[in-house]
Amino acid sequence: MKQEKSKELYEKAYELMPGGVNSPVRAFRSVGGTPLFIQKAKGARITDVDGNEFIDFVGSWGPAILGHARDEVVEAVTKACEYGLTFGAPTENEVVLADLIRELMPSMEMLRLVSSGTEAVMSAIRVARGYTKKDKIIKFRGCYHGHSDGLLVKAGSAVISNTVPDSAGVPRSYTDNTLVADYNNITSVENLFEQYKGQIAAVIVEPVAANMGVVLPKPGFLEALRIITRESESLLIFDEVITGFRVALGGAAEYFKIQPDLIVLGKIVGGGMPIGAYGGRREIMQMIAPLGDVYQAGTLSGNPIATSAGITTLSILKNNPRIYQELEKKALLLKEAFQPGVEAGVIRVNQIGSLQSAFFTNAEVCDFESALTSDTKKYAEFFHYMLEHGVYIAPAQFEAIFLSDAHTEEDIRYTAEIVREYFTRCR
Ligand SMILES: *Cc1c(COP(=O)(O)O)cnc(C)c1O
């Protein structure tokens with residue numbers, strides 16, 4: 001595979017940006033080799049600056065559920081640009097998008113648009129604390145909620161792959177109020193509620209964890225979180241930055257039929273442009289300025305370009321329920337291809353809808369500890385094999401394979417064949 005241009009750019013980038021990238025996982029640290037510099041992407045195909053084309057299963061880490069540069073989305077964005085890029089004043093687009101979000105996620109009675117998932121989580125935690133007048137939050141080992149100070153504790157995603165367990169530069173006092181429980185382990189949550197009685201503002205969870213690889217909630221786990229938070233006058237926050245509009249149109253809240261107090265969105269909600277959103281019960285959201293005394297603001301929040309991409313993306317999803325059925329079908333087809341590896345005891349596959357991960361372990365993966373039994377060297381080998389065969393999957397074990405509406409059955413069959421070949425060899 002020719003990589004001259006990527007190599008050249010990487011060298012230059014390395015001098016300009018830490019690790020040559022603007023977000024760590026892009027640097028290929030956990031798989032080795034030169035990161036691909038992308039020139040363009042359309043549908044399910046991504047092309048690098050050396051002209052190599054791949055079937056893409058990263059999908060910009062989630063937003064591209066319709067595939068890249070969907071015509072309708074590009075048209076909407078182009079049209080919006082002609083009217084101006086940002087005004088710092090209310091627009092109709094914000095109202096339309098907020099209304100659409102609430103229609104699809106009825107527990108978001110009121111919401112705020114921000115510019116990233118990190119910002120949305122940070123703000124949701126602030127309002128949870130303002131509302132409950134309590135300080136502590138519980139998060140789960142291996143769940144990732146963006147890079148705000150208080151949440152960089154036992155976080156997933158690139159934080160694991162780079163083997164930086166916690167971040168330097170975060171004062172101890174910033175994380176003193178962050179308590180950590182084990183995913184799928186309700187006893188660990190009960191213990192914290194017992195130990196910190198009356199002090200816990202909220203439990204924040206990825207309802208399907210997707211930043212330690214895909215880990216499904218065990219039956220009853222999310223329900224138990226709903227009960228314990230209600231009994232303790234704490235809030236339940238679903239971080240649906242990945243699951244929102246993906247595991248179902250109404251996200252995990254709809255899929256698992258649970259009503260959290262607050263939901264956090266990102267990725268798909270911006271249709272490829274930078275947006276985050278958080279919202280929930282009206283009485284909680286009314287705590288936010290200018291109505292209440294919880295402050296949160298943003299110069300580019302709800303900007304007209306990003307909202308036009310979001311509106312178009314969500315409208316397409318809403319008007320085409322077939323998308324979710326087809327995603328499921330394609331996902332199962334791909335999952336099936338891993339079977340030789342599963343039978344050989346080399347991997348375990350977790351899948352829900354268009355999200356799946358193949359962990360290089362023979363342990364059942366149900367939490368952070370079991371995810372970490374994965375052999376990341378073997379993953380790296382698999383990654384490069386796929387790349388050589390024209391398939392771009394996440395350059396790190398602890399991420400998801402993202403399917404999109406743009407993947408054709410033929411794309412999936414081709415990919416499945418490569419996967420099956422690879423794992424048939426390791427018998
Ligand atoms: C990606 C992600 C975030 C952070 O969103 P950014 O837009 O990258 O700031 C938060 N939570 C989850 C579950 C995510 O996957």
Side-chain angles (χ1 to χ4, degrees), residues 21-27 58-65 105 112-126 128 137-162 167 178 183 202-217 222 236-247 251-253 255-256 260 262-279 296 298 300-303 306 309-310 313 352-357 368 371 394-396 398-402:
V21 291
N22 283 310
S23 198
V25 73
R26 298 178 194 172
V58 180
S60 191
W61 305 99
I65 192 168
M105 299 190 171
R112 264 278 163 88
L113 299 175
V114 294
S115 298
S116 72
T118 295
E119 202 186 342
V121 169
M122 192 180 85
S123 312
I125 300 273
R126 186 179 300 149
I137 55 159
I138 295 178
K139 80 173 284 288
F140 294 91
R141 222 170 242 109
C143 282
Y144 178 67
H145 303 292
H147 67 91
S148 67
D149 285 334
L151 288 156
L152 279 180
V153 182
K154 307 290 175 202
S157 193
V159 188
I160 329 177
S161 295
N162 285 359
S167 173
T178 309
Y183 200 78
V203 173
I204 184 163
V205 66
E206 285 183 76
V208 172
N211 285 289
M212 49 178 151
V214 175
V215 177
L216 275 60
L222 298 173
L236 179 61
I237 306 174
F238 273 8
D239 180 345
E240 296 226 38
V241 171
I242 285 186
T243 55
F245 316 108
R246 185 171 280 280
V247 297
Y255 188 95
F256 296 106
L262 291 169
I263 290 180
V264 179
L265 299 170
K267 299 188 173 129
I268 290 175
V269 76
M273 300 292 284
I275 305 194
Y278 69 103
Q296 182 267 311
L300 294 177
S301 289
N303 97 81
T313 300
I352 177 170
S354 56
L355 292 171
Q356 60 184 288
S357 287
F368 190 45
F398 304 108
E399 308 287 353
I401 292 173
F402 291 95

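Order of appearance sets the numbers: ligands from 1, and atoms from 1 within every ligand.
A side-chain contact (heavy atoms from CB on, under 4.5 Å) with Y278 holds for exactly one of E119, R112, R126, E240; it is R112.
Listed as neighbours of ligand 1 are S116, G117, T118, Y144, H145, G146, E206, N211, D239, V241, I242, K267, each bearing a heavy atom under 4.0 Å from the ligand.
In this structure, CZ on F238 lies 8.0 Å from CZ on F256, to the nearest 0.5 angstrom.
Annotation: salt bridge (charged side-chain N to carboxylate O under 4.0 Å, His left out) contacts of R26 (sequence neighbours excluded): none.
In this structure, P395 and W61 approach most closely via the heavy-atom pair CD-CH2, 3.7 Å.
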Between I242 and N211, is a side-chain contact (heavy atoms from CB on, under 4.5 Å) present by the stated rule, with each step listed?
CA-CA 9 Å; I242 285 186; N211 285 289; 4.0 Å; yes

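Remark: side-chain polar atoms of R246 are not paired, donor with acceptor, to backbone N or O of L355 under 3.5 angstrom.
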